[in-house]
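Following: one structure in structure tokens, then a few remarks.
Residue numbers begin at 1 in each chain, while the letters A, B, ... track the order of the sequences. All values below come from the heavy atoms of this structure, side chains included, with hydrogens, waters and symmetry mates left out. None of the values given here were measured: they were computed from a predicted structure.
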Protein chains: 2
Amino acid sequence: MDRPTGTGEDYLRLDNQICFSLHAATRAFNGVYRGALKELGLTYPQYLVMLVLWEHGELPVKGIGERLKLDSGTLSPLLKRLEAAGYVERRRSPEDERSVTVRVTEEGAALRRKALGVPRAIAAATGLELEEIQELRDRLHALAARLDAVDAGALGCG
Amino acid sequence: MDRPTGTGEDYLRLDNQICFSLHAATRAFNGVYRGALKELGLTYPQYLVMLVLWEHGELPVKGIGERLKLDSGTLSPLLKRLEAAGYVERRRSPEDERSVTVRVTEEGAALRRKALGVPRAIAAATGLELEEIQELRDRLHALAARLDAVDAGALGCG
DNA sequence: CGCCATTAGATTGTGCACAACTTAATTGAG
DNA sequence: CTCAATTAAGTTGTGCACAATCTAATGGCG
């Protein structure tokens with residue numbers, strides 16, 4: 001192999017690790033959630049949507065998208081599946097016919113009670129103390145914010 | 001709203017944050033990589049596959065899957081696309097006709113040289129020092145390992 | 001040798017992420 | 001008021017992740 005130069009090879013190795021670790025951690029989380037959410041009949045992204053809806057009661061599609069950073073191309077079919085499952089209702093807003101309001105149904109509210117046990121199981125699965133989880137969360141949040149800014153703003157230098 | 005009990009509500013909020021932060025950070029990374037890899041004609045998962053192939057020269061599909069924790073359902077079509085792009089070759093192993101060996105082509109090797117600049121750009125985009133990146137990577141690695149173990153082993157207590 | 005369990009890949013089907021485009025409603029400038 | 005720009009959802013197409021299933025090759029055992 002070429003001798004590491006400090007300009008390419010070792011950076012490449014390092015980057016490999018951080019991005020792959022993130023990728024792997026996300027998929028590992030997905031796997032654990034998949035098991036925990038199976039009996040609720042939710043996928044992990046559906047669970048995220050239900051979390052914001054449980055918190056806010058009802059939101060326009062756009063509002064859900066802003067909170068989860070997802071666009072209509074992802075949300076429209078996902079919400080249809082949640083509606084088909086009976087957990088949410090969608091209806092055009094009377095004030096603005098362009099907007100669709102998503103509301104938790106009674107069945108969706110009942111699901112919330114069943115979901116209350118999930119987070120504790122997940123937290124236990126991580127094997128981390130609350131403080132560690134919080135710290136990691138804060139770092140990831142800051143990292144995502146930074147990356148989003150760079151992505152949108154086309155790379156400010158340093 | 002129900003008063004937080006310490007058993008459900010606040011855990012739920014916390015878990016929301018950690019899992020969502022991870023989710024959001026991964027997608028933010030994907031977005032930045034998407035931009036950086038566009039001129040190479042690679043997606044981010046394709047880039048990961050090329051990284052392990054650049055490192056090992058040639059590997060069976062199974063070997064790639066072990067390193068990236070991906071199964072044939074994901075890798076088969078992805079490798080076909082990489083082959084169609086001319087970056088890899090696939091051929092049945094003569095010793096074991098069940099196995100398919102994936103090898104980097106000359107064009108794939110040339111791509112590597114073009115890819116050398118990518119990691120530095122990504123590292124810069126994170127706005128983190130190398131030490132911070134390493135620490136975060138280690139934590140995520142440990143977290144993923146823990147979650148994978150729990151997932152496979154169906155939840156040991158504690 | 002003949003047969004079955006195992007193994008490696010490929011295939012199929014579902015769901016998510018995202019880009020690009022379409023449709024319909026709303027807003028705003030002239 | 002009229003028409004162009006904007007906005008909110010939805011639709012389409014590509015690619016990844018993963019479960020389930022299938023095919024073909026291998027290996028082990030009687």
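Distance from the side chain of A/Lys62 is smallest for D/dA9 among the nucleotides D/dA9, C/dC18, C/dG15. The nucleotide whose nearest atom lies closest to any side-chain atom of B/Asp96 is, among C/dA17, C/dG9, D/dA25, D/dA25. Ranking C/dT6, C/dC18, C/dA25 by closeness to the A/Arg98 side chain, first place goes to C/dA25. The side chain of B/Glu97 approaches D/dT26 more closely than any other nucleotide in the set D/dA17, D/dT26, D/dA9. Here the nucleotide nearest the side chain of B/Val100, chosen from D/dG15, C/dA17, C/dG9, is C/dG9. Residue B/Pro60 places its side chain closer to C/dG9 than to any other of D/dC18, C/dG9, C/dG15.
Each side-chain hydrogen bond (donor to acceptor under 3.5 Å, both in side chains) pair with one or both residues in residues 27-42 of chain B, not counting sequence neighbours, appears once here: A/Asp15-B/Tyr33.
Residue A/Arg91 places no side-chain N or O under 4.0 Å from the OP1 or OP2 atom of D/dA9. Contact check, A/Ser99 against C/dA25: no side-chain N or O comes under 4.0 Å of OP1 or OP2.
Atoms CG and CG, from B/Leu111 and B/Leu42 in turn, are 5.0 Å apart once rounded to the nearest 0.5 Å.
Spacing between atom CG of A/Asp71 and atom P of D/dG10 amounts to 12 Å, rounded to whole angstrom units.
Listed here is the closest heavy atom pair of A/Ser21 and B/Leu140: CB-CB, 3.9 Å.
Comparing B/Thr43 and B/Pro94, the nucleotide of DNA chain D nearest to each residue sits closer to the 5' end for B/Thr43.
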Please list, pair by pair, any protein nitrogen or oxygen found under 3.5 Å from a nitrogen or oxygen in nucleotides 11-14 of chain D.
residue	atom	partner	partner atom	Å
D/dT11	OP2	A/Lys80	NZ	2.6

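With hydrogens and angles left out, the side-chain atoms of B/Ser99 and B/Ser93 include no donor and acceptor closer than 3.5 Å.
Taking the six-membered ring where the residue is Trp, the centroids of A/His23 and B/Phe29 are separated by 6.0 Å or more.
Note on B/Arg92 versus B/Glu97: no salt bridge recorded, every NZ/NE/NH1/NH2 to OD/OE distance being 4.0 Å or above.
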